[in-house]
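See structure below.
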Protein chains: 2
Amino acid sequence: MEASRPDTATRILDVSERLFVEHGFEATSLRMITQQAEVNLAAVNYHFGSKDALFESVFMRRLAPLIASCLAELDELEAREEKLSVESLVTTFIRPCLALSKDPARGGALFVRLLSRTLVENHRLLRETISQQYSVFVQRYSRAFHHALPELGVEELAWRMHFAFSVMFNAFAGNDVLKIFTRSQIVSARDPDMIVKYLVPFVVAGLVSPVEG
Amino acid sequence: MEASRPDTATRILDVSERLFVEHGFEATSLRMITQQAEVNLAAVNYHFGSKDALFESVFMRRLAPLIASCLAELDELEAREEKLSVESLVTTFIRPCLALSKDPARGGALFVRLLSRTLVENHRLLRETISQQYSVFVQRYSRAFHHALPELGVEELAWRMHFAFSVMFNAFAGNDVLKIFTRSQIVSARDPDMIVKYLVPFVVAGLVSPVEG
DNA sequence: ATCAAATTAAAACGTAAGTTTGAAACGCTT
DNA sequence: AAGCGTTTCAAACTTACGTTTTAATTTGAT
């Protein structure tokens, strides 16, 4: 028996996710999407209402579970340990990202790249909808890191978290600044596990480094 | 006497730089550009040939001097010191970025954001033209970091440089992952000098952290 | 002042975009 | 099998895009 063909809406979501990552939102046309999804052009507007609403659907399908996974890991860790290590905190974020990256059924590494693109493109969706729904994400991690690194002031901690999530995020998204300048794809030919092997120590070292006098 | 109005080509470049950053290449139309630059629609194609060529001009106007500044700092440092510290190496990259960020006449922080967008959008320009012209950039930094951190294997060093440039780059571009989830703009309300105060220690700590047994 | 080159201007061209429409096909309950 | 809401389909609509064209204007050297 063959794998049953997903319904129209799902086919549209899957193809859109890939095309939005490859070409960006503006450069991806509904005709490209519907052609590759083998559905009628009007199907997008019928099922989602508009191209903008389609984008939001593509986005939220992956983001909600990812955030939930991170917070679940955080819950579990806080229930298990009294004093949280920075490395274990970092891992609560990295493990769900890693799991997502290795699971083609959930879009694999595609969604992290989409998130990255969307962040840089500064979509209205991010500024409005998501920042309201998931502000708890930052709050939880801020509290946890504050307990793990009590010697850091709030400003310094905010910066270090900013840097830490920035580098983790771009690592999973495969955004290699240096590949701009060189053809070698050594780093970008990414085995997700390899990323973590080098990523965690780097991030932890930056987070725990002693404050300057 | 009033400031003389720049010539048409310059006005187009200035407006394009801002609009490409704000809306991206695809979402920026020649009509938006020429309208805000107060020039005729046909001026873009007359002076630059095409929208693609305009983008390349916008991009190279800033990139070439920035790269040159970094390499000049590197030259100067290598001529002055025998053994290079990681921090001084990091600074050869950060100082030109900082100078650029603080100089509105050269586009200020705009160009770093444009570079960031272009990287994520994976433009043909980056894959082809620039990687050939500026591969020396990566080579120089790779050699310098290898001398400063001889105990690191080539693979581990490549990853750490990848992470280091990633976080520096995103810091200057103002790409704050966490701002997705929270309205507070504490981190993003960026005084460039503040960035450096916290950025350098973070990056250096990650780069020099001991290799794991 | 003149003339050739460079630049600006207005208008139109062909194409592709997102969206809408109305009919046909389908699936399910009765 | 009939009827009805849901979904699919082909086609057309409006709009905006990048680009080209042709003429008007400005510029600069003789």
Side-chain angles (χ1 to χ4, degrees), chain A residues 1-2 4-61 114 117-118 121-125 129, chain B residues 1-61 114 117-118 121-125 128-129:
Chain A
M1 58 184 277
E2 58 180 338
S4 64
R5 163 177 166 141
D7 65 14
T8 301
T10 304
R11 294 178 60 79
I12 291 173
L13 287 174
D14 290 340
V15 171
S16 301
E17 184 172 55
R18 179 169 51 80
L19 291 181
F20 283 153
V21 169
E22 285 177 11
H23 308 105
F25 177 76
E26 299 286 348
T28 301
S29 71
L30 295 185
R31 284 168 175 82
M32 293 166 60
I33 293 172
T34 52
Q35 199 168 321
Q36 295 198 24
E38 298 178 59
V39 301
N40 188 269
L41 170 61
V44 169
N45 283 278
Y46 176 76
H47 285 281
F48 299 95
S50 69
K51 189 187 177 187
D52 278 294
L54 167 63
F55 181 81
E56 183 163 343
S57 294
V58 167
F59 203 85
M60 298 310 279
R61 179 172 70 145
L114 178 63
R117 280 199 83 125
T118 310
E121 288 175 5
N122 200 22
H123 271 261
R124 175 195 49 77
L125 173 64
T129 310
Chain B
M1 58 184 280
E2 59 181 336
S4 64
R5 163 177 166 141
D7 64 15
T8 300
T10 303
R11 295 178 59 79
I12 291 173
L13 286 175
D14 290 341
V15 172
S16 301
E17 184 172 55
R18 180 169 50 80
L19 291 181
F20 283 152
V21 168
E22 285 177 12
H23 307 106
F25 177 77
E26 301 283 349
T28 302
S29 71
L30 295 185
R31 284 169 176 83
M32 292 166 60
I33 293 171
T34 53
Q35 199 167 320
Q36 296 199 23
E38 299 178 60
V39 301
N40 188 269
L41 171 61
V44 169
N45 283 279
Y46 175 77
H47 284 281
F48 299 95
S50 69
K51 190 186 176 186
D52 278 293
L54 166 64
F55 181 81
E56 182 162 343
S57 294
V58 168
F59 203 86
M60 297 310 281
R61 177 171 71 145
L114 178 62
R117 279 199 83 125
T118 309
E121 288 175 4
N122 200 22
H123 270 264
R124 177 193 49 77
L125 173 64
E128 297 171 7
T129 311

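Convention: sequence-line order gives letters A, B, ...; per-chain numbering from 1.
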Subject >> Listed nucleotide nearest any side-chain atom of Arg31(A), set dT19(C), dT20(C), dT8(C) >> reply: dT19(C)
Subject >> Rounded distance in Å - CG (Asn45(B)) to C1' (dC17(D)) >> reply: 12 Å
Subject >> Listed nucleotide nearest any side-chain atom of Asn40(B), set dT21(C), dA9(C), dT19(C) >> reply: dA9(C)
Subject >> Sugar-phosphate, base or nothing in reach of Ala43(B), heavy atoms under 4.0 Å >> reply: nothing
**OP:** Between dT7(D), dT19(C), dC9(D), spot the one nearest the side chain of Tyr46(A), thanks.
**Re:** dT7(D)
Original post:
For dT8(D), does OP1 or OP2 lie under 4.0 Å from any side-chain N or O of Thr8(A)?
Top reply: yes
Subject >> Nucleotide of dT19(D), dT19(C), dT20(D) approaching Leu30(B) most closely (side-chain heavy atoms) >> reply: dT19(D)
Subject >> Of Ala42(B) and Asp52(A), the one whose closest DNA chain C nucleotide lies more 5' >> reply: Ala42(B)
Original post:
Considering only dA11(C), dT7(C), dT8(D), which nucleotide approaches the side chain of Leu41(B) most closely?
Top reply: dA11(C)
Original post:
Contact class for Thr28(B) vs. all strands (heavy atom < 4.0 Å): base, sugar-phosphate, or nothing?
Top reply: sugar-phosphate
Original post:
Checking Lys51(A) side chain against Val44(A) main chain: does a donor-acceptor pair fall under 3.5 Å?
Top reply: no
Subject >> Nearest-angstrom distance from the residue atom CD of Glu38(A) to P of dA10(D) >> reply: 13 Å
**OP:** Answer yes if the ring centres of Phe55(B) and His123(B) are under 6.0 angstrom apart, and no otherwise.
**Re:** yes
Original post:
When you look at Thr8(B) and Asn40(B), which way does the side chain to side chain contact (heavy atoms under 4.5 Å, CB included) test go after all the steps?
Top reply: CA-CA 9 Å; Thr8(B) 300; Asn40(B) 188 269; over 6 Å; no
Original post:
Can a side chain N or O of Ser29(B) be found less than 4.0 Å away from OP1 or OP2 on dC17(D)?
Top reply: yes
Original post:
Do the side-chain N or O atoms of His47(B) get closer than 4.0 angstrom to the phosphate oxygens (OP1, OP2) of dT8(C)?
Top reply: yes
**OP:** Verify, without hydrogens or angle tests, whether Arg117(A) (side chain) and Val21(A) (backbone) share a donor-acceptor contact under 3.5 angstrom.
**Re:** yes
